[in-house]
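One structure is given below, encoded as structure tokens.
Reckoned from all heavy atoms, side chains included, excluding hydrogens, waters and symmetry mates. In what follows, residues are counted from 1 in the order of the sequence shown.
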Amino acid sequence: MRAQECPSPSLQDGQVRIRVAAAAVNFPDVLMVADRYQISVSPPFIPGSEFSGMITETSPGVSDFTAGDRVTGTGLFGAFAEEVCVEADGLSAIPDGVDDLTAAAFGVAHSTAYHCLRSVARVSAGDDVIVLGAGGGVGLAAVQLATALGARVTAVASSVEKLGVAAGYGATYVVDHTNGDVRAALREALPDGAHAVVDPVGGELSEPALRSLRRGGRFVTVGYASGVIPRIPLNLVLLKGIHILGFHFQDVPPHEFVRNETELRELFTSGAVAPHISAVYPLTQTAAALRVVADGRAVGKVVIDLSANTPPRRDHAVTSRPITVTATGPWGNP
């Protein structure tokens with residue numbers, strides 16, 4: 001990757017031009033740069049899928065927004081840049097009092113977690129929910145939001161630091177999967193079994209979590225941050241009548257999608273939930289930010305601050321090397 005000056009993107013009908021203030025780093029950004037995502041993009045391209053900023057120009061067909069509005073948005077790529085042109089109908093206004101970094105870090109992870117909990121896992125007050133990868137962006141959001149829904153959360157993560165943060169956001173029980181038998185720890189915490197499992201990790205954690213479900217429980221697979229797609233013995237599903245479900249936004253019924261987004265925005269604007277930002281980098285250190293996420297060292301969200309002369313602020317040591325914001329190939333790890 002390399003940082004470079006590029007021409008301003010052209011503004012198309014139905015689009016707005018945005019001066020980007022902050023951009024969040026998500027695990028799919030890592031996969032995109034490594035050409036391991038479900039959609040392949042030919043280099044060179046500008047990575048980044050989530051941003052906040054201010055509208056500086058609108059095309060003639062746009063009526064819902066005007067120059068000066070602060071907004072957030074998402075896309076397949078393009079957010080790690082000072083300026084983006086995007087469709088206006090995919091943007092959301094930033095609530096008053098919410099800063100740019102918080103706005104950029106909230107959307108993808110919390111929307112994924114909330115739709116997953118409400119419409120796929122069907123979590124209700126009093127339910128026991130196991131969250132794998134509870135220190136990551138989606139995992140920590142799921143801890144917060146399941147707690148807000150009245151559930152009891154058992155957080156599974158890879159370090160004392162991550163579990164401490166998860167406990168601070170409401171987890172009742174915590175399990176360090178690097179220290180001992182995960183299945184035994186989950187059985188001790190939940191002798192009657194869990195109602196639901198949210199799994200953004202995959203790998204060796206999936207099976208013991210699935211075994212920890214009570215009869216009729218729901219196991220929701222969200223992603224495979226471990227890099228390993230698990231193989232599940234189907235006899236476990238048969239014996240307990242377990243439901244194994246995959247999460248995709250497009251599978252959420254339209255009326256539930258509207259309900260979920262309304263509820264989530266109310267939680268956000270009221271201050272009931274907020275993203276945990278563990279590291280902030282300037283645009284020129286985007287590759288280092290991607291590396292923290294790729295290596296599983298991020299706690300909550302990592303954000304790129306596009307304010308002028310922003311010094312790096314990070315909770316994790318990284319190895320410095322020449323980097324850029326344009327992925328040019330050949331493909332490989334960021």
Report the C-alpha distance between Val123 and His195 in whole Å, list the side-chain angles of each, state the deciding distance to 0.1 Å, and finish with yes or no for side chain to side chain contact (heavy atoms under 4.5 Å, CB included). CA-CA 8 Å; Val123 170; His195 295 84; over 6 Å; no
Using the side chain to side chain contact (heavy atoms under 4.5 Å, CB included) rule, take Ser111 and Phe249 through it: C-alpha gap first, then chi angles, then the decisive distance, then the call. CA-CA 9 Å; Ser111 287; Phe249 280 108; 4.0 Å; yes
Step-by-step side chain to side chain contact (heavy atoms under 4.5 Å, CB included) determination, His177 to Leu132: CA-CA 9 Å; His177 68 76; Leu132 304 183; over 6 Å; no
How far apart are the C-alpha atoms of Val120 and Asp251, what are their side-chain angles, what is the distance that settles it, and do they pass the side chain to side chain contact (heavy atoms under 4.5 Å, CB included) test? CA-CA 9 Å; Val120 185; Asp251 294 332; over 6 Å; no
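Under the 4.5 Å side-chain heavy-atom criterion for ILVMFWY residues, a single connected hydrophobic cluster contains both Val222 and Val153. Clustering ILVMFWY residues whenever any of their side-chain heavy atoms sit less than 4.5 angstrom apart, transitively, puts Val131 in the very cluster that holds Tyr114. With hydrophobic clusters built from ILVMFWY side chains whose heavy atoms lie under 4.5 angstrom apart, Val20 shares a cluster with Leu76. A single hydrophobic cluster is seen to contain both Phe77 and Val30, as judged by linkage of ILVMFWY side chains at heavy-atom distances under 4.5 Å, directly or through other members. By the criterion of side-chain heavy atoms lying less than 4.5 angstrom apart, applied directly or through intervening Ile, Leu, Val, Met, Phe, Trp or Tyr residues, Leu306 is not grouped with Met54; the two fall into different hydrophobic clusters.
Checked against a 6.0 Å centroid threshold, the rings of His110 and Phe268 do not count as neighbours.
A 4.5 Å side-chain heavy-atom check between Phe219 and Ser206 finds at least one atom pair inside the cut-off. Within the 4.5 Å cutoff, the side chain of Phe27 has no heavy atoms near those of the Val138 side chain. Taking 4.5 Å as the limit, every side-chain heavy atom of Val197 sits out of range of all side-chain heavy atoms of Ser212. Under the 4.5 Å side-chain criterion, counting only non-hydrogen atoms from C-beta, Val156 is not in contact with Val201. Taking 4.5 Å as the limit, some side-chain heavy atom of Ile304 sits within range of a side-chain heavy atom of Val25. In this structure the side chain of Phe80 reaches within 4.5 angstrom of the side chain of Leu283, judged on heavy atoms. Contact check for Gln144 versus Leu267: no side-chain heavy atoms found under the 4.5 Å cut-off. Leu145 places a side-chain heavy atom less than 4.5 Å from the side chain of Leu264.
Ring geometry, Tyr169 versus His276: the interplanar angle exceeds 60°, so the pair is classed perpendicular (tilted spans 30 to 60°). The aromatic rings of Phe247 and His115 sit parallel to each other, their planes meeting at less than 30°, with 60° as the upper class boundary.
Residue Glu207 holds its CD atom at 8.0 Å from CZ of Arg183, rounded to the nearest 0.5 Å. Expressed to the nearest 0.5 Å, how far CG of Asp64 lies from CG of Asp69 amounts to 10.0 Å. Taking CG from Leu239 and CZ from Arg215, the interatomic distance works out to 8.0 Å, rounded to the nearest 0.5 Å. Here the CG atom belonging to Leu91 is positioned 4.5 Å from the CD1 atom belonging to Ile18, to the nearest 0.5 angstrom. Between Ile244 atom CD1 and Thr221 atom OG1 the span is 9.0 Å, to the nearest 0.5 Å. Once rounded to the nearest 0.5 Å, the distance linking CD of Gln285 with CG of Leu290 reads 12.0 Å.
Counting all heavy atoms, side chain and backbone alike, Ala79 lies closest to Ala23 at O-CB, 3.7 Å. Between Val71 and Ile94, the shortest heavy-atom contact is O-CD1, 3.5 Å. Residue Ile277 comes nearest to Leu101 through the heavy atom pair CD1-O, 3.7 Å, listed as atom of the first residue, atom of the second, then distance. Shortest non-hydrogen contact noted between Pro230 and Gly202 is CD-CA, 4.0 Å. Residues Val302 and Ser278 share a closest heavy-atom pair of CG2-OG, 4.4 Å. Here the shortest heavy-atom pairing between Thr102 and Pro275 reads O-CG, 3.6 Å.
Residue-environment remark: CD (Glu256) exceeds the threshold of 12 foreign heavy atoms within 6.0 Å. In the displayed structure, Gln250 atom CD is contacted under 6.0 Å by more than 12 heavy atoms of other residues, nucleotides or ligands. Taking a 6.0 Å sphere around CZ of Arg19, one finds it holds 12 or fewer heavy atoms contributed by other residues, nucleotides or ligands. Within a 6.0 Å radius of CG in Asn235, other residues, nucleotides and ligands contribute more than 12 heavy atoms.
With respect to the salt-bridge test (charged N to carboxylate O, under 4.0 angstrom), the residues Arg70 and Asp100 qualify. Salt bridge annotation for Glu261-Arg265: absent, with no cationic side-chain nitrogen under 4.0 angstrom from a carboxylate oxygen.
When each of Leu186, Asp199, Val175 is paired with Ile130, the side-chain contact (heavy atoms from CB on, under 4.5 Å) condition holds for Leu186 and for no other. Under the side chain to side chain donor-acceptor pair (under 3.5 Å) rule, Ser8 has a single partner from Arg17, Glu82, Glu83, Glu57, which is Glu83.
Of the possible donor and acceptor atoms, none in the side chain of Lys301 sits under 3.5 Å from a partner among the backbone N and O of Ala24. Side chain of Ser59 to main chain of Gly14: a donor-acceptor pair is present (N/O by atom type, distance under 3.5 Å, no hydrogens or angles). Listed for the Asp127 side chain is no donor-acceptor partner under 3.5 Å among the backbone atoms of Val129. For the pair Lys162 (side chain) and Leu140 (backbone), a donor-acceptor distance under 3.5 Å is absent. Judged by distance alone, the side chain of Glu50 and the main-chain N or O of Asn26 form no donor-acceptor pair under 3.5 Å.
At a cut-off of 3.5 Å, with distance as the only test, a side-chain donor of Asp29 or Ser49 sits close to an acceptor on the other residue.
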